[in-house]
Amino acid sequence: MPYKFKKGGILTETGAKEILLQHTKENLKKLLTEIVNQTLSYSHQDFTNWCSKFYFDVHISDKDIEELNIDQATINVLGDIDAQWDLYLIGTFPYDELQSLDLSTVKLPSGWFVNWLNQL
């Protein structure tokens with residue numbers, strides 16, 4: 001599952017599995033709990049992609065967060081997860097390695113998930 005950069009900064013990511021859960025705070029808590037308990041059947045890559053889509057959906061919505069049934073803490077956690085995944089990749093792996101790295105094998109530090117869960 002290579003992670004490839006193309007001209008213009010375009011990123012191509014292959015091999016990720018989609019998590020087919022509705023974007024809710026409850027599902028975010030469920031996924032974080034499964035990661036903390038080491039029972040998640042998805043990779044950290046899959047989880048962070050789900051969070052990124054959730055975060056994006058919140059920001060493009062015309063609805064208030066109350067209408068979306070989420071709170072500011074949820075938005076903050078989603079934004080942090082989205083940012084930390086990218087920062088972890090570029091801060092941990094050399095550029096050349098990122099070209100062919102199987103992102104499904106990358107694991108974020110476990111303490112981060114505990115912290116995010118506690119913030120919710």
Side-chain angles (χ1 to χ4, degrees):
M1 288 144 229
Y3 188 69
K4 304 247 186 230
F5 292 98
K6 294 183 178 180
K7 287 183 179 179
I10 296 171
L11 177 65
T12 301
E13 179 182 357
T14 59
K17 292 187 239 172
E18 186 173 356
I19 297 176
L20 299 174
L21 288 176
Q22 185 178 5
H23 291 149
T24 65
K25 180 177 183 174
E26 292 74 28
N27 283 336
L28 175 59
K29 286 172 129 177
K30 176 185 183 289
L31 292 169
L32 282 168
T33 300
E34 288 179 9
I35 291 173
V36 169
N37 294 334
Q38 298 181 0
T39 58
L40 185 70
S41 58
Y42 294 96
S43 69
H44 288 191
Q45 172 194 23
D46 300 332
F47 170 73
T48 58
N49 286 345
W50 183 87
C51 290
S52 293
K53 288 176 187 173
F54 188 174
Y55 187 67
F56 179 76
D57 287 349
V58 167
H59 286 311
I60 65 165
S61 175
D62 290 333
K63 298 179 182 178
D64 292 331
I65 61 173
E66 293 83 17
E67 291 178 84
L68 296 171
N69 200 26
I70 58 172
D71 55 16
Q72 191 61 49
T74 302
I75 294 170
N76 293 345
V77 167
L78 290 169
D80 196 36
I81 291 168
D82 183 46
Q84 291 305 325
W85 174 252
D86 292 334
L87 291 170
Y88 185 78
L89 290 175
I90 61 174
T92 304
F93 302 99
Y95 176 80
D96 291 345
E97 189 175 344
L98 281 174
Q99 295 297 307
S100 59
L101 181 64
D102 180 352
L103 292 181
S104 69
T105 64
V106 175
K107 304 270 189 215
L108 295 173
S110 59
W112 292 5
F113 297 102
V114 172
N115 184 41
W116 288 321
L117 187 56
N118 288 336
Q119 291 178 46
L120 297 175

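None of the values given here were measured: they were computed from a predicted structure. Heavy atoms only: backbone and side chains are in, while hydrogens, waters and symmetry mates are out.
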| request: Check side-chain hydrogen bond (donor to acceptor under 3.5 Å, both in side chains) between Asn76 and all other residues, then give those that pass, not counting sequence neighbours. | output: Gln72
| said: If the condition is side chain to side chain contact (heavy atoms under 4.5 Å, CB included), which residues does Asp64 pass it with, not counting sequence neighbours? | reply: Glu66, Glu67
| request: Give, for atom CD of Glu26 and atom CG of Leu31, the distance between the pair rounded to the nearest 0.5 Å. | output: 12.0 Å
| Check: Thr24 and Asn69 side chains under 4.5 Å, non-hydrogen atoms | no
| message | Rounded at 0.5 Å granularity, tell me how far CD in Gln45 sits from OG1 in Thr105. | response | 9.0 Å
| field | Distance (rounded to the nearest 0.5 Å) between Lys25 NZ and Leu32 CG | value | 11.5 Å
| CZ of Phe47 to CG of Asn49: how many Å apart, nearest 0.5 Å? | 10.5 Å
| field | Any donor-acceptor N/O pair, Asp46 side chain to Ser43 backbone, under 3.5 Å | value | yes
What donor-acceptor contacts under 3.5 angstrom involve side-chain atoms of residues 33-42, with partners at least two apart or in another chain?
unit_1: Thr33; atom_1: OG1; unit_2: Lys29; atom_2: O; d: 2.8
unit_1: Glu34; atom_1: OE2; unit_2: Lys30; atom_2: NZ; d: 2.8
unit_1: Asn37; atom_1: ND2; unit_2: Thr33; atom_2: O; d: 3.3
unit_1: Thr39; atom_1: OG1; unit_2: Glu34; atom_2: O; d: 3.4

Indicate every side-chain donor-acceptor pair of residues 107-120 with a distance under 3.5 Å to a residue at least two apart or in another chain.
unit_1: Trp116; atom_1: NE1; unit_2: Asp80; atom_2: OD2; d: 2.7
unit_1: Asn118; atom_1: ND2; unit_2: Val114; atom_2: O; d: 3.3

| remark: Here the pair of heavy atoms bringing Trp50 nearest to Ile19 is CD1-O, 3.4 Å
| Please walk me through it: do Ile75 and Ile70 pass side-chain contact (heavy atoms from CB on, under 4.5 Å)? | CA-CA 8 Å; Ile75 294 170; Ile70 58 172; 3.8 Å; yes
Under 3.5 Å, which donor-acceptor pairs link side chains of residues 52-62 to any protein atom two or more places apart or in another chain?
unit_1: Ser52; atom_1: OG; unit_2: Thr48; atom_2: O; d: 3.0
unit_1: Ser52; atom_1: OG; unit_2: Asp82; atom_2: OD1; d: 2.4
unit_1: Tyr55; atom_1: OH; unit_2: His59; atom_2: NE2; d: 3.3
unit_1: Asp57; atom_1: OD2; unit_2: His23; atom_2: ND1; d: 3.0
unit_1: Ser61; atom_1: OG; unit_2: Lys63; atom_2: N; d: 3.0

| query | Considering residues at least two apart in sequence or located in another chain, which fulfil the side chain to side chain contact (heavy atoms under 4.5 Å, CB included) criterion with Thr92? | reply | Tyr88
| field | Atom pair CD (Glu97) and CG (Leu89), whose distance is rounded to the nearest 0.5 Å | value | 10.5 Å
